[in-house]
Amino acid sequence: MKLKKADSQIAKLIELETERQKTSLEMIPSENHTSPAVREALGSILTDKYAEGYPGKRYYAGLEYYDKIENLCIERAKKLFKVPHANVQPYSGSPANQAVYMAVCEPGDTIMGLSLPHGGHLTHGWKVNFSAKFFKSVQYGVDKKTQMFNYGEIKKLVKEAQPKLIWVGATAYPRIFDWKKFRDIADSVGAYLAADIAHIAGLVIAGVHPSPVPYVHIVTTTTHKTLRGPRGGMIMVTEEGFRKDPNLPDKINKTVFPGLQGGPHENQIAALAVCLKEAATPAFKRYGKQIVKNCQVLAEELKKYGFNLVTGGTDNHLILIDLRNKNISGKEAQYRLEKAGITINKNTIPYDPNPPFNPSGIRIGTPAITTRGMKEKEMKQIAGWINEVISSSKSVPKIRKKIKSFCKKFPLP
Ligand SMILES: *Cc1c(COP(=O)(O)O)cnc(C)c1O
């Protein structure tokens, strides 16, 4: 109400966006709907103060309660992920990854990660990113035939490149990561192994994806994807990381602040603390399991309609579709589905013959619609709509109407 009075333009746009979210299906795999409790903490007065430093060692006064909040957040993160050290200050996933580079590498060192067109993230050494400009980046990919990791091939590449740091994580890989195999590979050259679980953090907590914690040295994550918190990032050091370098937790902290960032966003940290409390409940475990169940039902249904899924299916929250047999580009499919009320995104497929701005695939995920309470039955319905829209642009207005009324049964949290 106060916003409406102070700034009617912004208030109106927020209102319109709320309506858009209410009446359409958010199926971008990296997105979710936060709880009102998380949003309340995020929109609180905690945005007002500087808190440079860490609890007990701040550069500003008046932080008695900020210290308690950040400590609670850290303790919850440590308990939930079963790690001895957590830094909850990174502004988001990319700054978290930057801090890892700065903590364990010198500029010019060799690093490795999954290439972007094969499902990796920009910060894992893609050419336009700082990670390839300041470090010597060698990229690995997925197998041409299986479209999954070929651990033997990766081991050979690693032996040749002798990287200081290896990233494992993805934005578009529909299968399980074998952390142990990656650790054996990293150990063969004495490299640091960092798991970037941005997409799958919530699945790890729910026990539907193996945790990297027993195998890797460092874990980074965003907090706003399957974990369902505010936009943000975290860095955790495992027992293994501590064993490799007892100073690693201290190095990570010093890199985040003062190495890279200034004052932490404590409103975001408070909201993350709330999210971590929510994620520690049995209800969240059920939620994580349902994300994967939904995704697998959606995958099977889409296969029945003749869709060609990268790797043939999914173990997690996302599906990558190769649209080449459907005579439609990823871009056109994204556009048409958006008009119909289904938000997905165009995506490259491994060894894509088409350029990245007009790729052959789309990426679809179930975290946000599962938050709204949709289950297997609804996945079948949605698969049918996706098929109709992709088969014919004429179906768009009719499906838009159906989705609008369907969404009424599944309110946003
Ligand atoms: C989303 C994502 C990130 C980056 O997160 P931002 O918050 O967008 O900076 C990093 N790594 C992976 C694997 C991601 O999926």
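Numbering starts at 1 and runs along the sequence shown. What you are looking at is a predicted structure, and each value in this text was computed from that prediction instead of being measured. Ligands are counted one by one from 1 in listed order, and the atoms in each one are counted from 1 as well.
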Assess whether a salt bridge exists between [X] and [Y], defined as any Lys/Arg side-chain N lying under 4.0 Å from an Asp/Glu carboxylate O.
| X | Y | result |
| --- | --- | --- |
| E332 | R336 | yes |
| D143 | K145 | no |
| E378 | R372 | no |

Exercise for the section: Specify whether Y101 and W167 have parallel, tilted or perpendicular ring planes, treating 30° as the upper limit for parallel and 60° as the lower limit for perpendicular. Expected result: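 Correct class here is tilted.
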Practice task
For Y66 and L46, indicate whether the former's side chain and the latter's backbone hold a donor-acceptor pair under 3.5 Å.
Solution key: yes
Handout entry: Main-chain N/O of K225 paired to N32 side chain as donor or acceptor, under 3.5 Å
Key = yes
Problem - Side chain, backbone, both or neither: S94 near ligand 1, heavy atoms under 4.0 Å - result: both
Handout entry: Proximity to ligand 1 by part of A170, non-hydrogen separation under 4.0 Å
Key =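 Near ligand 1, A170 shows its backbone, while the atoms from C-beta on stay back.
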Which ligand 1 atoms, with their elements, are less than 4.0 angstrom from a heavy-atom of [X]?
| X | answer |
| --- | --- |
| D196 | 10 (C), 11 (N), 12 (C), 13 (C) |
| H199 | 15 (O) |
| K225 | 1 (C), 2 (C), 3 (C), 14 (C), 15 (O) |
| H224 | 7 (O) |

Exercise for the section: Measure centre to centre between the rings of Y59 and Y50, then say whether the value is under 6.0 Å. Expected result: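 Distance test on ring centres: not under 6.0 Å, no.
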Can you tell me the protein heavy atom closest to [atom] and the distance?
| atom | answer |
| --- | --- |
| atom 7 (O) of ligand 1 | S92 OG, 2.4 Å |
| atom 3 (C) of ligand 1 | H121 NE2, 3.2 Å |
| atom 5 (O) of ligand 1 | T222 CG2, 3.2 Å |

